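For reference, the structure discussed in these notes is given below.
Everything numeric here is computed off the predicted structure, so don't read it as measured data. Just so you know, residue 1 is the first one in the sequence shown, and it goes up from there.
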Amino acid sequence: MADSSDSVSIDMESISLGGKEYLVKTHHGTVSVAVFGDQDKPALITYPDLALNHISCFQGLFFCPEASSLLLHNFCIYHISPPGHEFGAPPICPKGFMPSVEDLADQIVEILNFFGLGAVMCMGVTAGAYILTLFAMKYRQRVLGLILISPLCRAPSWTEWLLNKVMSNLLYFYGMCGVVKELLLKRYFSKLLDERQSINIWQFLEAMNGRPDLSEGLRKLHCRSLIFVGENSPFHSEALHMTSKLDRRYSALVEVQACGSMVTEEQPHAMLIPIEYFLTGYGLYRATLSVSPRSPLSPSCISPELLSPESMGLKLKPIKTRISLEV
């Protein structure tokens with residue numbers, strides 16, 4: 001369990017779920033971890049996309065009553081923020097050291113050790129999904145499963161690399177200017193963005209722009225993986241590529257129509273039933289499967305193959321499941 005001598009615990013009064021924020025010291029800097037729920041339960045760790053934290057990236061999912069009930073019933077949630085992405089974070093001075101994606105993945109092990117956690121469930125969005133996938137490849141015994149939203153696994157294309165370089169230079173010299181905000185909004189296909197320390201976002205962006213290709217190692221990743229992607233996501237092809245490289249026995253893809261990269265914010269109900277069946281394979285579930293009257297989903301919206309015990313239990317199939325949503 002956490003040692004208070006190595007961290008600072010802060011009550012998060014702005015959140016009604018009773019979470020606490022821990023600032024955990026690692027060999028690659030201090031990391032903010034917001035903890036929600038009973039720490040005696042299994043752990044679910046989350047990692048957000050660039051320039052976001054757990055509130056701006058996951059609040060839609062965790063404020064959805066049905067999803068919150070499902071996840072908090074089964075897990076204690078540990079929201080990990082990229083360095084300097086938490087609310088009120090001061091600017092991080094590079095001092096000649098720039099963390100790589102490997103460093104960010106290694107931080108997660110130190111965080112798990114700090115809280116006394118063994119194997120955990122992981123949920124990440126885009127850049128966060130990449131970091132958690134890399135973490136799962138490096139530390140297989142520490143990962144129960146992966147829930148990835150609009151994930152990346154390849155090195156940046158020339159187009160992405162150049163766009164990221166433009167955004168990186170703008171951040172470094174001009175801060176969170178209007179052009180950077182527009183580029184980030186196109187990345188998310190969402191209206192979620194608030195002020196962050198520009199230098200902190202710049203460091204995470206630089207790390208992601210230097211990321212290696214993980215494709216060849218994915219076939220050996222035998223933890224179960226559930227991938228969500230919106231059909232309008234700029235990373236749609238990346239999600240399809242990643243699914244094609246994962247072992248077909250352990251992975252499944254859910255495509256959500258009328259949605260961009262931030263499925264957690266735009267269509268959180270679309271994640272509910274697939275996650276419920278995914279968790280059933282681990283012996284984790286709620287007493288009854290209920291669908292909210294407000295939810296656009298019903299079991300008939302999802303391919304029967306995805307709902308079978310074989311696909312979402314002991315074995316998964318890389319099927320393409322389209323969830324049609326009226327807008």
Side-chain angles (χ1 to χ4, degrees), residues 46-50 52 57-58 60-61 101 121-137 143 145-157 159-161 163-164 184-190 192 208-209 211-221 223-275 277-278 301-303 305-306 311-312 316-325:
T46 74
Y47 210 106
D49 193 15
L50 179 76
L52 303 177
C57 193
F58 295 104
L61 178 64
V101 289
M121 189 70 70
C122 299
M123 178 186 293
V125 177
T126 311
Y130 179 94
I131 299 298
L132 291 179
T133 302
L134 178 58
F135 167 68
M137 294 174 69
V143 176
L146 292 169
I147 301 172
L148 306 175
I149 299 94
S150 303
L152 302 171
C153 71
R154 289 184 284 193
S157 65
T159 302
E160 184 193 347
W161 185 89
L163 180 63
N164 286 349
L184 287 172
L185 288 175
K186 288 182 180 179
R187 174 189 180 96
Y188 308 141
F189 197 66
S190 174
L192 297 169
M208 288 303 299
N209 222 23
R211 68 183 186 268
D213 192 329
L214 304 181
S215 300
E216 292 308 310
L218 291 176
R219 188 72 65 186
K220 299 178 182 179
L221 190 62
C223 68
R224 302 171 195 162
S225 302
L226 177 60
I227 295 176
F228 292 92
V229 67
E231 65 173 358
N232 297 322
S233 169
F235 304 108
H236 181 269
S237 63
E238 288 290 323
L240 298 183
H241 170 79
M242 185 171 185
T243 304
S244 72
K245 294 297 182 180
L246 287 165
D247 191 314
R248 296 186 175 188
R249 296 171 297 172
Y250 304 109
S251 59
L253 172 70
V254 177
E255 266 188 301
V256 183
Q257 292 182 337
C259 189
S261 298
M262 297 285 289
V263 184
T264 53
E265 293 298 323
E266 295 182 63
Q267 302 291 357
H269 280 99
M271 302 178 66
L272 179 62
I273 294 175
I275 289 178
Y277 279 92
F278 182 72
C301 295
I302 300 179
S303 166
E305 295 166 320
L306 182 61
S311 67
M312 295 310 291
L316 301 178
K317 299 177 183 178
I319 60 174
K320 187 162 111 175
T321 302
R322 299 184 67 82
I323 299 175
S324 299
L325 301 172

Quiz item: Within the side chain of Glu265, is there an N or O that forms a donor-acceptor pair under 3.5 Å with the backbone of Gly60?
Solution: yes
Quiz item: How many angstroms lie between atom CD of Glu231 and atom CD of Gln257, to the nearest 0.5 angstrom?
Solution: 5.0 Å
Quiz item: Taking the side chain as C-beta and beyond, is there a heavy-atom pair between Asp49 and Ser261 under 4.5 Å?
Solution: no
Exercise. Could you pull out the closest heavy-atom pair between Ser150 and Phe235, with the gap in Å?
Key: O-CB, 4.3 Å
Practice problem: Nearest 0.5 Å please: distance from the NZ atom of Lys220 over to the CG atom of Asp247. | Solution: 12.5 Å
Quiz item: Under 4.5 Å between any side-chain heavy atoms of Ser225 and Thr133, yes or no?
Solution: no
Quiz item: What distance separates Ile147 CD1 from Leu132 CG, expressed to the nearest 0.5 Å?
Solution: 10.5 Å
Quiz item: Would you find a donor on one side and an acceptor on the other, under 3.5 Å apart, between the side chain of Arg219 and the backbone of Leu246?
Solution: yes
Practice problem: Could you please spell out the steps behind the side-chain contact (heavy atoms from CB on, under 4.5 Å) verdict for Met121 and Phe278? | Solution: CA-CA 11 Å; Met121 189 70 70; Phe278 182 72; 3.9 Å; yes
Quiz item: Where do Thr243 and Ser251 come nearest, in terms of heavy atoms and distance?
Solution: O-OG, 4.4 Å
Quiz item: Can you find a heavy atom in the side chain of Phe228 that is under 4.5 Å from one in the side chain of Ile275?
Solution: yes
Exercise. Using side chain to side chain donor-acceptor pair (under 3.5 Å) as the criterion, list what pairs up with Thr46, not counting sequence neighbours.
Key: His79
Quiz item: Got Ile149 and Met123 here, is their nearest side-chain heavy-atom distance under 4.5 Å?
Solution: yes
Quiz item: Are Leu253 and Met242 close enough that some pair of their side-chain heavy atoms sits under 4.5 Å apart?
Solution: no
Quiz item: Judged by atom type as modelled, is there a donor-acceptor pair below 3.5 Å linking the side chain of Thr264 to the main-chain atoms of Cys57?
Solution: yes
Self-check item: Heavy-atom check, side chain of Leu50 versus side chain of Met208, under 4.5 Å
Solution: no
Quiz prompt | 4.5 Å side-chain heavy-atom contact, Leu221 and Tyr250 | solution = no
Exercise. With rounding to the nearest 0.5 Å, note down the distance linking CG in Leu148 to OG1 in Thr126.
Key: 10.0 Å
Quiz item: Which pair of heavy atoms, one from Val256 and one from Cys259, lies closest together, and at what distance?
Solution: O-CB, 3.7 Å
Self-check item: Main-chain N/O of Arg154 paired to Ser215 side chain as donor or acceptor, under 3.5 Å
Solution: no
Quiz prompt | Closest approach of Phe58 to Tyr47 (non-hydrogen atoms, all atoms of both residues) | solution = CZ-O, 3.7 Å
Quiz item: So do Cys223 and Leu146 actually touch side chain to side chain, heavy atoms under 4.5 Å?
Solution: yes
Quiz prompt | Partner set under side-chain contact (heavy atoms from CB on, under 4.5 Å) for Ser244, not counting sequence neighbours | solution = His241
Quiz prompt | Minimal non-hydrogen separation, Pro212 against Val101, with atom names | solution = CD-CG2, 3.7 Å
